[in-house]
Amino acid sequence: MSVFKDGLLKGRTAFITGGGSGIGAGIARRFAAQGARVALLGRTPEKLEAVAQELRAAGAEASCHPADVRQYGAVDAALCDAAKIHGGIDILVNSAAGNFLAPAASLSANGFRAVVDIDLCGTFNACRAAFAHLTATRGCVVSITATQATVPMPLQCHAGAAKAGIEKLTRDLALEWGRLGVRVNSVAPGPIEGTEGMTRLAPGDTRSHLDRRVPLGRYGRIDEVADAVLYLVSPAAAYITGASLTIDGGAALLGAGPFLDLMGE
Ligand code: HXC
Ligand code: NAP
């Protein structure tokens with residue numbers, strides 16, 4: 001159940017990268033429940049189709065656009081197709097990302113590049129390709145970053161650099177596109193339960209250990225991130241642009257971050 005009034009996004013279309021799973025799929029579900037039409041982009045058609053079918057069964061309009069965010073031409077074509085199918089694009093959500101734990105000293109140059117390419121360059125590609133569509137509707141962008149963007153975390157230099165880049169890109173695009181009526185914001189989640197991200201970053205025992213290092217005493221939920229994104233795309237946030245909203249139960253207040261123990265002695 002959402003705390004927002006029903007039909008908040010009625011008549012609007014959201015294009016969601018990484019919409020086939022995890023947080024991106026949760027945002028798609030929340031948006032569709034609020035009346036939005038949704039277009040889902042990711043590399044795996046089966047994952048996109050499964051989410052789209054679920055949304056259609058619940059009465060929403062949903063389309064699938066298999067593509068790699070690293071390929072500008074494919075992203076551009078996907079946005080044009082989605083705009084044609086749904087009659088325009090009002091909201092872009094960038095949730096596609098790749099991540100793994102790796103110490104900087106042994107991370108290969110290609111491993112670093114792969115994550116920056118997906119997260120940062122992929123977000124630029126989608127924003128750039130969405131620009132013409134969003135100026136036409138005076139729409140908005142929300143990118144999913146992570147608290148690693150600002151908090152140093154061990155084994156996360158690649159993801160941290162990529163997410164910090166997205167937060168800076170967010171402020172630059174907000175500055176350039178504000179006069180055109182396009183708002184650009186980001187949301188920085190901390191540890192969110194039941195996601196691929198936490199399966200990769202906090203395997204097994206690490207989990208109960210990390211729980212104790214979150215001031216609110218628990219992991220976040222996908223629907224809590226989705227509600228933060230819903231707020232930023234709603235009229236309630238009409239005067240907010242260039243912002244990063246942290247949703248982490250206070251975990252980043254611990255300075256070096258709840259992942260510090262992963263580094264060992
Ligand atoms: C070290 C690794 C690695 C690992 C891959 N690489 N996995 N290095 N440790 N575990 C290196 C490879 O060796 C290779 O370098 C380079 O990365 C590219 O690998 P590919 O497999 O060819 O890349 P690609 O197919 O493009 O895959 C990208 C990926 C992959 C990131 C590596 O895991 C992926 O696509 N993930 C998508 C799903 C995902 O990660 N979801 C979680 C997002 S969660 P060499 O030098 O060998 O060529 C998230 C959580 C934030 O971001 C949490 C905050 C609290
Ligand atoms: P997830 O389920 O793995 O979501 C990532 C999605 O991105 C997948 O659906 C994946 O699908 C897609 N993707 C990956 N590489 C892509 C590419 N090159 N082109 C197109 N799509 C691609 O993981 P998640 O944990 O929900 O993470 C979602 C977002 O939240 C990410 O931005 C992540 O950094 C952020 N985040 C998560 C957490 C957390 O606790 N989980 C915390 C902070 C931030 P395909 O592989 O099929 O392409």
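Both ligands and their constituent atoms are indexed starting at 1 by order of listing. Position 1 is the first residue of the sequence, and the numbers go up from there. Because the structure is predicted, anything quoted here is derived from the model rather than measured.
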Report, in ascending order of atom number, the atoms of ligand 1 lying under 4.0 Å from any heavy atom of [X].
| X | answer |
| --- | --- |
| G98 | 31 (C), 36 (N), 37 (C), 39 (C), 40 (O) |
| R43 | 34 (C), 35 (O), 37 (C) |
| L201 | 50 (C), 51 (C), 53 (C), 54 (C) |
| S108 | 15 (O), 45 (P), 46 (O) |
| R70 | 26 (O) |
| A114 | 18 (C) |

field: Shared hydrophobic cluster, L169 / V93 (ILVMFWY, side-chain heavy atoms < 4.5 Å)
entry: no
query: Salt bridge between R29 and E54, side-chain N to carboxylate O under 4.0 Å?
result: yes
For ligand 2, list every N/O pair with the protein closer than 3.5 Å, one pair per line with the distance.
unit_1: ligand 2; atom_1: 2 (O); unit_2: S21; atom_2: OG; d: 2.7
unit_1: ligand 2; atom_1: 9 (O); unit_2: S21; atom_2: OG; d: 2.7
unit_1: ligand 2; atom_1: 11 (O); unit_2: K47; atom_2: NZ; d: 3.1
unit_1: ligand 2; atom_1: 15 (N); unit_2: R43; atom_2: NH2; d: 3.2
unit_1: ligand 2; atom_1: 18 (N); unit_2: D68; atom_2: OD1; d: 2.9
unit_1: ligand 2; atom_1: 19 (N); unit_2: V69; atom_2: N; d: 2.9
unit_1: ligand 2; atom_1: 25 (O); unit_2: G197; atom_2: N; d: 3.0
unit_1: ligand 2; atom_1: 26 (O); unit_2: I23; atom_2: N; d: 2.8
unit_1: ligand 2; atom_1: 32 (O); unit_2: S95; atom_2: O; d: 2.9
unit_1: ligand 2; atom_1: 32 (O); unit_2: K163; atom_2: NZ; d: 3.0
unit_1: ligand 2; atom_1: 34 (O); unit_2: K163; atom_2: NZ; d: 2.9
unit_1: ligand 2; atom_1: 40 (O); unit_2: G190; atom_2: O; d: 3.4
unit_1: ligand 2; atom_1: 40 (O); unit_2: I192; atom_2: N; d: 2.9
unit_1: ligand 2; atom_1: 41 (N); unit_2: T195; atom_2: OG1; d: 2.7
unit_1: ligand 2; atom_1: 46 (O); unit_2: R43; atom_2: NH2; d: 2.9
unit_1: ligand 2; atom_1: 47 (O); unit_2: T44; atom_2: N; d: 3.2
unit_1: ligand 2; atom_1: 47 (O); unit_2: T44; atom_2: OG1; d: 2.5
unit_1: ligand 2; atom_1: 47 (O); unit_2: K47; atom_2: NZ; d: 3.1
unit_1: ligand 2; atom_1: 48 (O); unit_2: R43; atom_2: N; d: 2.8
unit_1: ligand 2; atom_1: 48 (O); unit_2: R43; atom_2: NE; d: 2.8

Just by distance, no angles: are the side chains of [X] and [Y] close enough, under 3.5 Å, to form a donor-acceptor pair?
| X | Y | result |
| --- | --- | --- |
| R128 | N125 | no |
| T241 | R183 | no |
| N99 | E196 | no |

Check for me whether [X] has a heavy atom closer than 4.0 Å to any atom of ligand 1.
| X | result |
| --- | --- |
| I118 | yes |
| A97 | yes |
| R113 | no |
| Q156 | no |

statement: Heavy-atom proximity to atom 1 (C) of ligand 1 ranks first, among Y219, F112, F100, for F100
query: Does S95 offer a backbone N or O that forms a donor-acceptor pair with the side chain of T17 under 3.5 Å?
result: yes
message: Under 6.0 Å between ring centres: does that hold for H86 and F15?
response: no
task: Please say which of T123, L134, I91 ends up in a side-chain contact (heavy atoms from CB on, under 4.5 Å) with V141.
output: L134
